[in-house]
Visitor: 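Dumping the structure here so I can ask a few things about it.
The sequence lines fix the lettering, A, B, ..., with proteins before strands; numbering per chain opens at 1. Scope of the values below: all heavy atoms of this structure, side chains included, with no hydrogens, waters or symmetry mates.
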Protein chains: 2
Amino acid sequence: MANSDESATIYQVAQRAGVSIATVSRALRGTGPVAAKTRERVLRAVEELRFTPSRLGVSLASGRHAANGIVFPDLSGPYFAEVLLGYEEVASELGRSVIILSTRGRAAVPDLVRDLSRRVDGMVIFGQTVRDDVVAEIVDSGLPLVMIARDDVAGADVVASENTVSAARLASHLLGHGYRRIALAGGHDNGDITQRWTSVGQVLSEHGLTPPEPSPCEFTVEGGHALGRYLLSGPRPEAIVCADDQVALGVILAAEELGLSVPGDVAVTGWDDIMAARHARPALTTVRQPMRDLGARAARALDELITGARDTPRSQVTPTELVIRASCGTHPLEEA
Amino acid sequence: MANSDESATIYQVAQRAGVSIATVSRALRGTGPVAAKTRERVLRAVEELRFTPSRLGVSLASGRHAANGIVFPDLSGPYFAEVLLGYEEVASELGRSVIILSTRGRAAVPDLVRDLSRRVDGMVIFGQTVRDDVVAEIVDSGLPLVMIARDDVAGADVVASENTVSAARLASHLLGHGYRRIALAGGHDNGDITQRWTSVGQVLSEHGLTPPEPSPCEFTVEGGHALGRYLLSGPRPEAIVCADDQVALGVILAAEELGLSVPGDVAVTGWDDIMAARHARPALTTVRQPMRDLGARAARALDELITGARDTPRSQVTPTELVIRASCGTHPLEEA
DNA sequence: TTGTACGCGTTATCAC
DNA sequence: GTGATAACGCGTACAA
């Protein structure tokens, strides 16, 4: 109805209420004494004009954007979506908007990240989505920064899930099943995945086995499906340890298509414990990673950095949990 | 290294280059004549000071945020994530940042949406995530608005997928299989889903059948799983038409747990054609919805509204496609 | 208790 | 070709 198109400014409110803008500001923000009568007049004017302070004005004056950024590769699959959700939830509770940037391997990422950094009070970056020199640039600029799922970065907070211990447990468990020919599905990423492969490799070495070279694939169901068909067509491994649950689901699919039974002919394990892992058939042995919590922690850590509640970077590793289900074998024999 | 913490302003650049801020602005934006020598000095100063124009300053002066908002319920499941991805991709190509707001049924949504509306040049809202009066408020404020998956809204663009025709095709196909006792999994939502149920009901009516009442459930695998167990425990339907693929996957899971064969004992269909639909066993009969494209269209429509390339709202419906796979029955008999 | 005036960092319109 | 200077919308010392 009253489509004013250009929304009211604090000056119009002041004029209508017959006061100065300073009084309007005080009345609205409770940042100083205002006579009851005056406040009432102001509030009425605000109401009538449907006044809301301009974000730009507020930000310019306060020096704060009240917005955070988050950089991730994509949203295919539950992992990034869940983390993002946990992040948004907390950020929004803390009164901060969330600006997203999906890299998808684009060439312009550095510029996009710089751009983003100019419109937020701090940002979160998933490991391996942004070049190290650009990350360093952000740190150097003094912008509060939290990295997710990455090894330590000088000057930035890190929030990560525990990988080494769980990967070792997983490897030990598979050895306990008697498997010796173990394949790794999903290539190195210099982050989470690499930590897992290193840990698995170490355990195998300790048992006199040659650590297998991970086979690269896209971290999607389709990627796992394609790689699974390949791995299961040659000399068949006894177990396939997958980089994440999606890859594992794809591998299981490939096995079924090839007429192989899981875990009868080949054991398969995942990582993350996405919802489908429990519902898959066979149910997926995996490592539970608190995805939402990861995002929530990142948001809180970033808030501390922004508000200055803390000024020294901190690195926190959240525990993960080996979840034994059916896909890794029918005789679970857990060892010390 | 040169951690200046507070980044340089245009005044500092001007001073260092020995010119006025107007010249710096012109040199940087090419919005007026600048002597070659002068430009060079300016650019060197910019380089040395690592100057980037403040977003707030630019926005305040230009009157544009160069940012769009998007409001969705959550990111569980591929549907919203895919649409969001398509949206972000185009928005970012158009030089606009994306600010997200996940409602998750929070009570504070109206305020959060108002807040969001103050920091963007336009926004996209998924149908049924924001109260109608709040939507009207946004429209009334003159902010460019695009609604996704919703029936028409006065004053706003709408981008939706075709539901009625495909739902009718799906229903006819199931009737062609000979099914008469058909259940609907997933309650009304006053949007997409309701359109589908209405259309299915109509086809059944035309064939002398009583349109079934849809059974509500969460639109997740778990929701479908729970509802599936319920529906398949009582008098068993011959076919279960699900609100989306996730629900369908859950229902299939429930059937397997109950020792029922799909489609032998009960046919199941989904909607969306998410990646898992093709990989499911049995492969899911569903309706393919161009999710990324939906987001991309929304971003482009919003851009038209913002730039003023178009000033009258438009409603576009993108076609969908019935995808017959194994889950609906073994003897596909497509009819006219 | 209230009002004036300045600062925040740009862009753009004028004169020169 | 260049430089003052007025917006843009707000918060807030400081003065009254």
Visitor: Tell me if the CD atom of B:Q15 is crowded by more than 12 foreign heavy atoms within 6.0 Å.
Guide: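 Atom CD in B:Q15 is not packed in, count stays at 12 or less.
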Visitor: Tell me whether A:S141 contacts the main-chain N or O of A:I138 through its side chain, where contact means a donor paired with an acceptor under 3.5 Å.
Guide: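 The answer is yes, because a donor-acceptor pair under 3.5 Å joins these two groups.
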Visitor: Pick base, sugar-phosphate or nothing for A:A35, based on heavy-atom distances below 4.0 Å to the nucleic acid.
Guide: sugar-phosphate
Visitor: Within this structure, what is the CZ-to-P distance between A:R41 and C:dT1, rounded to whole angstrom?
Guide: 14 Å
Visitor: May I have the distance from B:Q15 (atom CD) to D:dG3 (atom P), rounded to whole angstrom?
Guide: 13 Å
Visitor: Angle, rounded to 10°, between the helical axes spanning five pairs at each terminus of the helix from C:dT1-D:dA16 to C:dC16-D:dG1?
Guide: 50°
Visitor: Give the residues of residues 51-68 of chain B touching DNA chain D, defined as any heavy atom closer than 4.0 Å, sorted by residue number.
Guide: B:L60, B:A61
Visitor: Keeping A:D121 on the side-chain end and A:N68 on the backbone end, is there a donor-acceptor pair under 3.5 Å?
Guide: no
Visitor: Test your reading of the model: is there a side-chain donor-acceptor pair from B:T318 to the backbone of B:S161, 3.5 Å cut-off?
Guide: no
Visitor: Hey, which of these two, A:T9 or B:A36, hits DNA chain D nearer its 5' end, going by closest nucleotide?
Guide: B:A36
Visitor: Does A:S25 place a side-chain N or O at less than 4.0 Å from the phosphate oxygens OP1/OP2 of D:dG11?
Guide: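 Yes, A:S25 has a side-chain N/O under 4.0 Å of OP1/OP2 on D:dG11.
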Visitor: According to the side chain to side chain donor-acceptor pair (under 3.5 Å) rule, which pairs have a member within residues 92-104 of chain B, sequence neighbours left out?
Guide: A:E88-B:R104, A:R106-B:S92, A:R119-B:S97, B:R96-B:D303, B:S102-B:R104
Visitor: Is the backbone of B:T312 close enough, under 3.5 Å, to the side chain of B:R310 for a donor and an acceptor to pair up by distance?
Guide: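 Checked: pair present.
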Visitor: Run the ring pair (Phe, Tyr, Trp, His ring centres under 6.0 Å) test against A:F51 and tell me which residues pass, sequence neighbours left out.
Guide: none
Visitor: Taking the side chain from B:R118 and the backbone from A:T52, do they hold a donor-acceptor pair closer than 3.5 Å?
Guide: yes
Visitor: So that I can tick it off, tell me whether A:R150 and A:D132 are bridged by a salt bridge, with the cut-off set at under 4.0 angstrom between side-chain N and carboxylate O.
Guide: yes
Visitor: Nearest whole Å is fine: how far is C:dT11 P from B:Y11 OH?
Guide: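 Going from OH in B:Y11 over to P in C:dT11 covers 11 Å.
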Visitor: Heavy atoms within less than 4.0 Å of DNA chain D: which residues of residues 27-34 of chain B have one? Give them sorted by number.
Guide: B:P33, B:V34
Visitor: Enumerate the protein-to-nucleotides 14-16 of chain C contacts in which both atoms are nitrogen or oxygen and the separation is below 3.5 Å.
Guide:
none

Visitor: Could you tell me the separation between the CD atom of A:Q12 and the C1' atom of D:dC10, rounded to a whole number of Å?
Guide: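 In whole Å, D:dC10 C1' and A:Q12 CD are 13 Å from each other.
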Visitor: Does D:dT2 have OP1 or OP2 under 4.0 Å away from a side-chain N or O of B:S20?
Guide: no
Visitor: Should B:R314 and B:E304 count as an ion pair when the cut-off is N to O under 4.0 Å?
Guide: yes
Visitor: Would you mind reading off the distance between B:I10 atom CD1 and C:dG7 atom P, rounded to a whole angstrom?
Guide: 18 Å
Visitor: So, B:S59 side chain and B:L56 main chain: donor-acceptor pair closer than 3.5 Å or not?
Guide: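 No.
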Visitor: Could you state the atom-to-atom distance from CD1 of B:I21 to P of D:dC8 in whole Å?
Guide: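 Taking CD1 of B:I21 and P of D:dC8, I get 16 Å after rounding.
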Visitor: Are B:T9 and B:I21 close enough, and set up right, to give a side-chain contact (heavy atoms from CB on, under 4.5 Å), and what steps lead you there?
Guide: CA-CA 10 Å; B:T9 74; B:I21 62 166; over 6 Å; no
Visitor: Provide the closest heavy-atom pair for A:L305 versus A:P144 in the form atom of the first, atom of the second, distance.
Guide: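 Result for this residue pair: CB-CB, 3.8 Å.
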Visitor: Look only at the side chain of A:S117 and the backbone of A:R114, and say whether a donor-acceptor pair between them is shorter than 3.5 Å.
Guide: yes
